[in-house]
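For reference, the structure discussed in these notes is given below.
Computed over heavy atoms, backbone and side chain alike; hydrogens, waters and symmetry mates excluded.
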Amino acid sequence: MFVSPQELSVATTDPTQLELADWLARQLKRAVTFVVATPPEVDRAIRRLYDARSAGASRLDAEAETVSHEALLAATPIVNNAIAGALEQRASDIHIEASEHDTTIRYRVDGALRTVEVRPIDLHAAVVSRIKVLANLDIATRHVPQDGRIKLRHGHADVDLRVSILPTYWGEKVVCRLLDNRRAALPLDEVGFSTDERAIFERMIQSPHGLLLVTGPTGSGKSTTLYAALNAVRSPELNVVTVEDPVEYQLPGINQVQVNAKRGLTFAGALRSILRQDPDVILVGEIRDHETGVTAAEAALTGHLVLSSLHTNDALSAVTRLTEMGIEPHLVAPSLLGVVAQRLVRRVCPGCLERHTPDAAEATTLGLPELPRGFELVRGRGCTACHRTGYRGRIAVRELLEIDDTMRVLIARGAGIDELRTHAVATGFRSMRLAALRLLVTHQTSAREVLRVTRSGS
């Protein structure tokens, strides 16, 4: 088959079907010509072009045709129970996914996924459609990703579900992120800062201008820390504006802008517009590119307090990450106030906590080769309260890098990360591993969690 804006050539075994050529010409607004081919050639072309591509879509089409009103009614309690169970178990996400024969529902609790229910595949399409109805999405569209939001009331709190739909081979996969709006109102003393860390952090956010970064992987609590910072600085005397992708929590008294790349509203574009709105404090959800980074740094230099997040493994790497984005060191050095790097470690469940004496190999791996005689650590045996995981709840471990004048000189002349680390340690910088070890020796977490979230050199 040959296609151009003016012409369509169609391979056929019967070139006498002139009415078909006329119909195609009218529908496609092109001149249509037939090219004679043998039946085996046509069959091979059809199999090559369409069979593999339609295999996955055919199941989605079949599902679309079989979703009836009765099926939607049957799916309603499944969806309701899934959401209620997730709230009861303090899950951060609900995963609903299809395989050839089953629908699996999983919760992410304390950072780990656990399977809570497996059902036959029969009602999968209806379950997905029910969620789409709640999220005001198009139930007839099954071949492209969709994103939406569900708002509901749970007890005395408002809970939002951020819904993501993704077409997969056996059916659409749903992930619902649960956003408890109470977390948006957390004060600094409830987000896990130690006394020393809180003093440093408050000193940075009370600066009238500068750039403060919170770094860590996805799901490390960066947004919670940034919102706590906003709660600490906001007042009727300040114009506080955020640009986020997406807006997770709604905060009273703060102007929040949601990025919409499809309509041309990017982080950098929104930030430039915000700077014309006479802001005092700006939160940029994430610095992802050179343009956003440069604009944020320049805003920090021109009298604005800018809070943002960055994906790096530790605090010192944030400095080099900014320069790798193409932000000049002479711009990073005067604008950067500090960096908070963080992870979340799971707390040992108090209901099944047991003490144990670490062996020599475990102590060495932790970086504690010499322990006092009789020194004990804790772990969880697993019980019904923690669903046999041994953990219940999480706590943040952090490292705080405050930029002093000497560090600014080092950054401005392009010093490497080893030189930056040497100066930071000499001025009291404590690594994330040390913060995690503090939780370990105070019996809040286990050795396994410390090794999972921190490196020996961090």
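- The side chain to side chain donor-acceptor pair (under 3.5 Å) with H124 is formed by just one residue from the set T103, D102, T104; it is T103.
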Can you list the steps and then say if V450 with V453 is a side-chain contact (heavy atoms from CB on, under 4.5 Å)?
CA-CA 6 Å; V450 171; V453 302; 5.8 Å; no
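- Going from atom OG1 of T242 over to atom CD1 of I282 covers 10.5 Å, rounded to the nearest 0.5 Å.
- Looking only at side-chain heavy atoms (C-beta outward), H143 and P167 stay at 4.5 Å or farther from each other.
- A heavy-atom distance below 4.5 Å is found between the side chains of R234 and I254.
- A salt bridge is defined here as a Lys NZ or Arg NE, NH1 or NH2 lying under 4.0 Å from an Asp or Glu carboxylate O, and E97 with R106 meets this definition.
- Within 6.0 Å of CD in E88 there are 12 or fewer heavy atoms belonging to other residues, nucleotides or ligands.
- The CD atom of Q342 sits 4.5 Å away from the CZ atom of R398 when rounded to the nearest 0.5 Å.
- Not one N or O on the side chain of T292 forms a donor-acceptor pair closer than 3.5 Å with the backbone of D289.
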Run the side-chain contact (heavy atoms from CB on, under 4.5 Å) test on S129 and L72 for me, step by step, so that the C-alpha distance in whole Å, both residues' side-chain angles and the decisive distance to 0.1 Å come before the verdict.
CA-CA 7 Å; S129 294; L72 284 173; 3.6 Å; yes
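- Minimum heavy-atom separation, L331 to A297: CG-CB, 3.7 Å.
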Could you walk me through whether T218 and H311 pass side-chain contact (heavy atoms from CB on, under 4.5 Å), step by step?
CA-CA 8 Å; T218 301; H311 284 279; 3.6 Å; yes
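- Here the side chains of P120 and H101 are not in contact, with every heavy-atom distance at 4.5 Å or above.
- When all heavy atoms are compared, the tightest approach of V257 to A270 is CG1-CB, 4.4 Å.
- In terms of modelled atom types and a separation under 3.5 Å, the side chain of R142 and the main chain of G171 share no donor-acceptor contact.
- Looking only at distances, a side-chain donor or acceptor of S207 sits under 3.5 Å from a matching main-chain atom of H209.
- Salt bridge annotation for K132-E172: present, with a cationic side-chain nitrogen under 4.0 angstrom from a carboxylate oxygen.
- Closest non-hydrogen pair, A318 versus T215, comes out as CB-CG2, 3.9 Å.
- Residues V79 and L134 share a closest heavy-atom pair of CG1-CD1, 4.1 Å.
- Between atom OG of residue S223 and atom CG of residue L179 there is a gap of 9.0 Å, rounded to the nearest 0.5 Å.
- Across every non-hydrogen atom of A86 and L178, the tightest pair is CB-CD2, 4.0 Å.
- V159 places a side-chain heavy atom less than 4.5 Å from the side chain of L87.
- Side-chain atoms of Y107 never come within 3.5 Å of backbone atoms of I94 as a donor-acceptor pair (strictly under, hydrogens ignored).
- Ionic pairing of D160 and R149 is present here: one or more N-O contacts between side-chain nitrogen and carboxylate oxygen are shorter than 4.0 angstrom.
- The backbone N or O of V294 sits nowhere less than 3.5 Å from a side-chain atom of E328 that would complete a donor-acceptor pair.
- A heavy-atom distance below 4.5 Å is not found between the side chains of K173 and I165.
- Judged purely by atom type and a 3.5 angstrom limit, S308 uses its side chain to pair as donor or acceptor with the backbone of V284.
- If you check the side chains of R114 and Q89, you find a donor sitting under 3.5 Å from an acceptor.
- For the atom pair CG (L344) and NZ (K222), the distance works out to 9.5 Å, reported to the nearest 0.5 Å.
- A salt bridge links R90 to D110: at least one charged side-chain nitrogen sits closer than 4.0 Å to a carboxylate oxygen.
- In terms of modelled atom types and a separation under 3.5 Å, the side chain of E449 and the main chain of R346 share a donor-acceptor contact.
- Using a 4.5 Å heavy-atom cutoff, the side chains of I417 and V319 are not in contact.
- Although no hydrogens or angles enter the test, the distance criterion places no donor-acceptor pair under 3.5 Å between the side chain of E298 and the main chain of T295.
- Between E117 atom CD and I105 atom CD1 the span is 4.5 Å, to the nearest 0.5 Å.
- The two residues R452 and V345 come nearest to each other via the heavy atoms NH2-CA, 4.5 Å.
- A salt bridge links E291 to R272: at least one charged side-chain nitrogen sits closer than 4.0 Å to a carboxylate oxygen.
- Heavy atoms of other residues, nucleotides or ligands lying less than 6.0 angstrom from CZ of R198 number more than 12.
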Applying side-chain contact (heavy atoms from CB on, under 4.5 Å) to L401 and I403, what does each step give before you reach the verdict?
CA-CA 6 Å; L401 175 66; I403 308 298; 4.0 Å; yes
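- Side chain of E244 to backbone of Q258: no donor-acceptor contact under 3.5 angstrom is found.
- Using a 4.5 Å heavy-atom cutoff, the side chains of H95 and L113 are in contact.
- The side-chain heavy atoms of Y391 and R448, taken from C-beta on, include a pair separated by under 4.5 Å.
- Distance alone, capped at 3.5 Å, is enough to place a donor-acceptor pair between the S309 side chain and the G285 backbone.
- Distance check: I78 CD1 to L123 CG gives 5.0 Å after rounding to the nearest 0.5 Å.
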